[in-house]
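Start at 1 and go down the list; that is how both ligands and their atoms are numbered.
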Amino acid sequence: MNLTESLLHALVDHGARQIFGIPGDFALPYFRIIEQTGILPLHTLSHEPGVGFAADAAARVQGGIGVAAVTYGAGALNMVNAVAAAYAEKSPLVVISGGPGLGESQSGLLLHHQAKTLDSQLRIFQEITCDQVRLDDAARAPADIARVLGNCVRNSLPVYIEIPRDMVARPCAPVVREAPRAVDADALAACVDEILARLRAARAPVLMAGVEVRRFGLEDKVAELSRRLGIPVVTSFMGRGLLADQDAPLMGTYMGLAGLPEVSALVEDSDGLFLVGVIISDTNFAVSGKHIDLRHTIQALEARVTMGYHTYADIPLDALIDGLLARVPHADAHFTVDRPAFPHGLQADEATIAPADIACAVNDLMAAHGKLPIASDMGDCLFTAMDIEHTALVAPGYYATMGFGVPAGLGVQAATGQRPLILVGDGAFQMTGWELGNCRRYGWDPIVLLFNNASWEMLRTFQPESGFNDLDDWGFAQMAAGLGGDGVRVHTRAQLKAALDKAIATRGRFQLIEVMIPRGVLSESLSRFVNAVKRLNAAKAA
Ligand SMILES: Cc1ncc(Cc2csc(CCOP(=O)(O)OP(=O)(O)O)c2C)c(N)n1
Ligand SMILES: [Mg+2]
């Protein structure tokens, strides 16, 4: 076995199911081995940001790790933003980069694709990954790979692996996966007892599910725990889409002043808020109507449990949930909640289209044809998703980068085989929407709802006086055929419904529905979010 094969088998062993990538001369040798061995399927895309977003989304939906394979310098550094997004949102993404061989590194020449020094790339990735290795020693490689991939899975964070191009075919032993780390049973029991005591003493306990629940594959168990405890569940903004397919007492998504009042009141009035895998970020908590004193909550995140001004260390979330389930008997009665209703029954008439109509049309579509997993970009399309029935959702809800939506949708279909619905604004589509041109090669056929307001509308809501938020009308629908798909531009609600009916009935080609939305027409969630931010900022300034 050679070093690349050893790495590929280790990737499979740690939960990788495919590789997304773009080669270069520093990467051609290891790409050849990927292609020749077929240990993992390789999907090449067109631009490295898309490679990173697709691999990140694949990791999020399949519960394993994502793999982004690139060349040195121009390739890897082109993907920094996507890896930073994965780091911020705790996605287990493995970055593999080809690199200069030992001989050329010592040639005394500056090498092409080199930035500052030959170590610059590794140093840049140290800031956005939890572990790194350059595989320049075949004897040490199996242990290095086991350590790095073990950290990727254990922390649910990106890692960086550089393969010098003169090392790819060196004989190498197989990688032996690290043994799971032991959890202190006494500390776990004490932590479980204290959490249960606090929840039982609370008048109005609530469980908020965050992204770590998905990252560690705990949705079924968390749903079961909430039923047994008899407490309602909400998701964080980032956690939207969690528990969509579980029988959970799910009330909705917490968005503070931007969200549904009944959901916000449930969270903000709770005296027993149990934050399970929730990232304490501004997008999750900054627009709270009533200040949530996080010091009075129970926070389980990054293998630590904090409550009552003290922290239990080294309590992995899976061990904690198992410990709680072991101590909470099956509930006698089936605990349910009255979930707020989502909009249905689109008026298919000649009226222009608002984001609320898109949510309504999608809810009607899923009611008639079954749920679709959703990949959403940043922009009002993501806020519109809050009015769509709960379904699997991948979106940059915290890091908030544009460009995620289309590549992420391709990653979802590559990973699951399920046809995704992609929500993307015109500004974000200008960045990475062209990855749709790769669908035909792989048989992917997403349905793309392109919110075209010819504007960076989210920015305009915060700074309406700036003319630079105006975008031109690019005519995206007309470009679909050249990319291998079908495109249609719709102006009215009747045209939107007809386009969705045609799209869902057409398989084998991506379906691009360019929805023309008048500037200034926002989703209700975004309107509430912007008004909340302005009110809170005004209050701070006062
Ligand atoms: C990679 C990156 N560069 C800039 C920005 C900053 C930004 C946040 S929202 C936004 C406008 C989005 O326009 P779009 O048409 O896609 O959607 P909509 O607002 O609904 O009209 C920008 C430029 C971000 N978040 N990421
Ligand atoms: Mg726009």
Side-chain angles (χ1 to χ4, degrees), residues 47-54 56-57 77-89 128 237-238 258 281-283 286 352-359 362 374-388 394-409 422-436 448-477 489-491 512-531 533:
H47 196 208
E48 284 85 0
V51 168
F53 291 139
D56 174 352
L77 299 185
N78 211 11
M79 199 166 64
V80 166
N81 179 55
V83 179
Y87 190 93
E89 303 201 356
I128 50 176
F237 180 54
M238 274 189 69
S281 68
D282 56 358
T283 53
T352 55
I353 301 166
D357 298 316
I358 298 175
V362 170
I374 295 177
S376 179
D377 215 297
M378 187 60 204
D380 199 12
C381 59
L382 179 53
F383 288 89
T384 302
M386 299 302 113
D387 294 322
I388 293 174
V394 290
Y398 160 42
Y399 185 73
T401 180
M402 290 161 70
F404 181 87
V406 168
I422 296 172
L423 307 179
V424 59
D426 56 309
F429 191 93
Q430 290 178 11
M431 293 184 178
T432 59
W434 316 109
E435 296 291 355
L436 288 174
V448 183
L449 282 169
L450 198 164
F451 294 48
N452 191 354
N453 46 26
S455 167
W456 287 330
E457 196 62 22
M458 262 199 76
L459 300 188
R460 184 195 309 282
T461 60
F462 289 107
Q463 195 164 300
E465 68 275 16
S466 296
F468 54 64
N469 290 316
D470 297 351
L471 300 181
D472 197 353
D473 176 0
W474 281 30
F476 298 100
R489 170 175 281 201
V490 297
H491 295 270
L512 176 64
I513 301 174
E514 183 184 14
V515 186
M516 305 312 289
I517 301 172
R519 276 186 192 153
V521 178
L522 306 178
S523 69
E524 289 157 30
S525 294
L526 179 56
S527 299
R528 288 196 295 257
F529 178 78
V530 171
N531 293 334
V533 169

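- Nearest protein heavy-atom contact of atom 25 (N) of ligand 1 is Ala400 O, 2.9 Å.
- For the side chain to side chain contact (heavy atoms under 4.5 Å, CB included) with Phe451, the qualifying choice from Leu423, Asp377, Val424, Ile353 is Leu423, the only one to do so.
- Among Ala85, Gly403, Gly427, the residue whose heavy atom lies closest to atom 14 (P) of ligand 1 is Gly427.
- Looking at atom 26 (N) of ligand 1, its nearest protein heavy atom turns out to be Met402 N, 3.0 Å.
- Phe529 and Phe383 have tilted rings, their planes meeting at an angle from 30° to 60° on a 0 to 90° scale.
- If you put the vertex on the Mg ion (ligand 2), OD1 of Asn453 and OD1 of Asp426 sit 80° apart, to the nearest 10°.
- The Thr401 neighbourhood of ligand 1 comprises atoms 1 (C), 26 (N), with distances under 4.0 Å to a heavy atom of that residue.
- Classification of Asp380 and Arg460 as a salt-bridged pair fails, no side-chain N sitting under 4.0 Å from a carboxylate O.
- Counting only heavy atoms of the protein, atom 16 (O) of ligand 1 lies nearest to Ala428 N, 2.9 Å.
- Counting the atoms of ligand 1 from 1 in the order shown, those under 4.0 Å from a heavy atom of Asp426 are 15 (O).
- Looking only at protein heavy atoms, the nearest one to atom 9 (S) of ligand 1 is Met458 CB, 3.8 Å.
- In this structure, CG on Leu526 lies 11.5 Å from CE on Met386, to the nearest 0.5 angstrom.
- Atom CZ of Phe53 sits about 9.0 Å away from atom CE of Met431, to the nearest 0.5 Å.
- Partner Asn452 forms a side chain to side chain contact (heavy atoms under 4.5 Å, CB included) with one of Val515, Ile517, Asp473 and no other, that one being Asp473.
- Remark: among candidates Gln430, Arg519, Glu457, the nearest residue to atom 18 (P) of ligand 1 is Glu457, based on non-hydrogen atoms.
- Asn452 lies apart from the Mg ion (ligand 2) in this respect, since none of its N, O or S atoms is found at a distance under 2.8 Å.
- Within the 4.0 Å heavy-atom criterion, the part of Asn453 lying near ligand 1 is the side chain and not the backbone.
- Considering both main-chain and side-chain atoms, Asn81 never comes within under 3.5 Å of ligand 1 through any nitrogen or oxygen pair.
- Under the 6.0 Å cut-off for aromatic ring centres, Trp434 and Phe429 qualify, their centroids lying closer than that.
- Not a single N or O atom of Met431, backbone or side chain, sits closer than 3.5 Å to an N or O atom of ligand 1.
- In this structure, CZ on Phe404 lies 10.0 Å from CG on Leu382, to the nearest 0.5 angstrom.
- For atom 20 (O) of ligand 1, the closest heavy atom belonging to the protein is Asp380 N, 2.9 Å.
- Looking from atom 8 (C) of ligand 1 to the surrounding protein, the closest heavy atom is Leu459 CD2, 4.0 Å.
- Ser525 OG to Asp387 CG: the interatomic distance, rounded to the nearest 0.5 Å, is 4.5 Å.
- Taking each of Phe468, Phe462, Trp456 in turn, the one with a heavy atom nearest to atom 13 (O) of ligand 1 proves to be Trp456.
- Between the CE atom in Met378 and the CE atom in Met458 there is a gap of 4.0 Å [rounded to 0.5 Å].
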